[in-house]
Chemist: 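Take a look at the following structure, please.
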Amino acid sequence: MISFPLNLLGMLPIALGLIITFAGAIKFKIVGTTEMTFDEPDLLVTEGIYKISRNPMYLGLGLILIGIGTITGNSAAFAISIAFFTITDQWYIRYEEGILEKKFGEDYITYKNKVRRWI
């Protein structure tokens, strides 16, 4: 789909995705809460990268997939990216939002109204 050297532009979303993903994971480690989808969170994290996106780790992984699709020029990789964003948005994030709203109540709802799901 995308020929050399333009395919190398895929390195940009990969690099950005790595930075965003690690920023989210590191913030969770620093505050001492879980990053596992199905584990109950101990804390509501709203600082750092979480001021920009409620789901930076998912966003970062999606950007990495887009970058891989760009580098390989493989249309299947782009289809996987679309599937990743769709499944993550409709299943994982909705599940997590329900848990967060139950656990943190009005604090989470206020955060949710201030910060977008993705970007």
Chemist: In Å, rounded to the nearest 0.5 Å, how long is the span from CG of L43 to OG1 of T46?
Modeler: 10.0 Å
Chemist: Looking at every non-hydrogen atom in both residues, tell me the closest pair between P56 and I20 and how far apart they are.
Modeler: O-CG2, 3.1 Å
Chemist: What is the distance from atom OG1 of T110 to atom NZ of K114, rounded to the nearest 0.5 Å?
Modeler: 7.0 Å
Chemist: Once rounded to the nearest 0.5 Å, what's the spacing between atom CD of E47 and atom CG of L44?
Modeler: 10.0 Å
Chemist: Just wondering, more than 12 heavy atoms not from I119 lying within 6.0 Å of its CD1?
Modeler: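 Not buried by this count: 12 neighbours or fewer within 6.0 Å.
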Chemist: If every non-hydrogen atom of I71 is compared with every non-hydrogen atom of N7, which pair is closest and at what distance?
Modeler: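 Scanning both residues, the minimum pair turns out to be O-ND2, 2.9 Å.
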Chemist: Could you report the tightest heavy-atom contact between T21 and I64, atom names first, then the distance?
Modeler: OG1-CD1, 4.4 Å
Chemist: What's the separation between atom CD1 in I66 and atom CG in L16, rounded to the nearest 0.5 Å?
Modeler: 10.5 Å
Chemist: Nearest 0.5 angstrom please: K51 NZ to Y111 OH, how far?
Modeler: 10.5 Å
Chemist: May I ask whether L8 and L12 are part of the same hydrophobic cluster, defined by side-chain heavy atoms of I, L, V, M, F, W, Y residues being less than 4.5 angstrom apart, directly or through others?
Modeler: no
Chemist: Would you say that F78 contacts I68 through its side chain, given a criterion of any heavy-atom pair below 4.5 Å between the two side chains?
Modeler: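 No, their side chains stay 4.5 Å or more apart.
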Chemist: State yes or no: are the ring centers of F28 and Y50 separated by less than 6.0 Å?
Modeler: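 Close enough - the centres of the two rings lie under 6.0 Å apart.
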Chemist: Is a side-chain N or O of R54 found less than 3.5 angstrom from the main chain of V115, in a donor-acceptor match?
Modeler: yes
Chemist: Should L65 and F85 count as side-chain neighbours, where that means a heavy-atom distance under 4.5 Å?
Modeler: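 The answer is no, as the side chains (C-beta and beyond) never meet within the 4.5 Å cut-off.
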Chemist: Determine the minimum heavy-atom distance between P13 and G67, stating which atoms define it.
Modeler: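 Taking P13 first and G67 second, the nearest heavy atoms are CG-CA, 3.6 Å.
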Chemist: To check you understand the geometry: which heavy-atom pair defines the closest contact between S53 and L59, and what is its length?
Modeler: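 Minimum heavy-atom contact is OG-CD2, 4.2 Å.
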Chemist: Hydrophobic cluster membership, with links at side-chain heavy-atom distances under 4.5 Å among I/L/V/M/F/W/Y: are L63 and I82 in one?
Modeler: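 In one cluster with L63: I82, no.
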Chemist: Is it possible for you to say whether L61 and I19 belong to one hydrophobic cluster, with membership spreading through side-chain heavy-atom contacts below 4.5 Å?
Modeler: no
Chemist: Can you tell me if K29 has over 12 outside heavy atoms packed within less than 6.0 Å of its NZ?
Modeler: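 Not more than 12 within 6.0 Å, no.
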Chemist: Would you please test D89 and R94 for side-chain contact (heavy atoms from CB on, under 4.5 Å) and show each step?
Modeler: CA-CA 7 Å; D89 187 71; R94 291 192 193 276; 4.0 Å; yes
Chemist: Would a hydrophobic clustering, with Ile, Leu, Val, Met, Phe, Trp and Tyr connected at side-chain separations under 4.5 Å, put V45 with I109?
Modeler: no
Chemist: How long is the gap from OH on Y108 to CG on L100, to the nearest 0.5 Å?
Modeler: 5.0 Å
Chemist: So if you build clusters from Ile, Leu, Val, Met, Phe, Trp, Tyr with side-chain heavy-atom gaps below 4.5 Å, do I30 and L18 land together?
Modeler: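 Linked within one cluster.
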Chemist: Between Y58 and E96, does any side-chain donor sit less than 3.5 Å from a side-chain acceptor?
Modeler: yes
Chemist: If I compare all heavy atoms of D42 with all of T33, which pair ends up nearest, and what's the gap?
Modeler: N-OG1, 3.1 Å
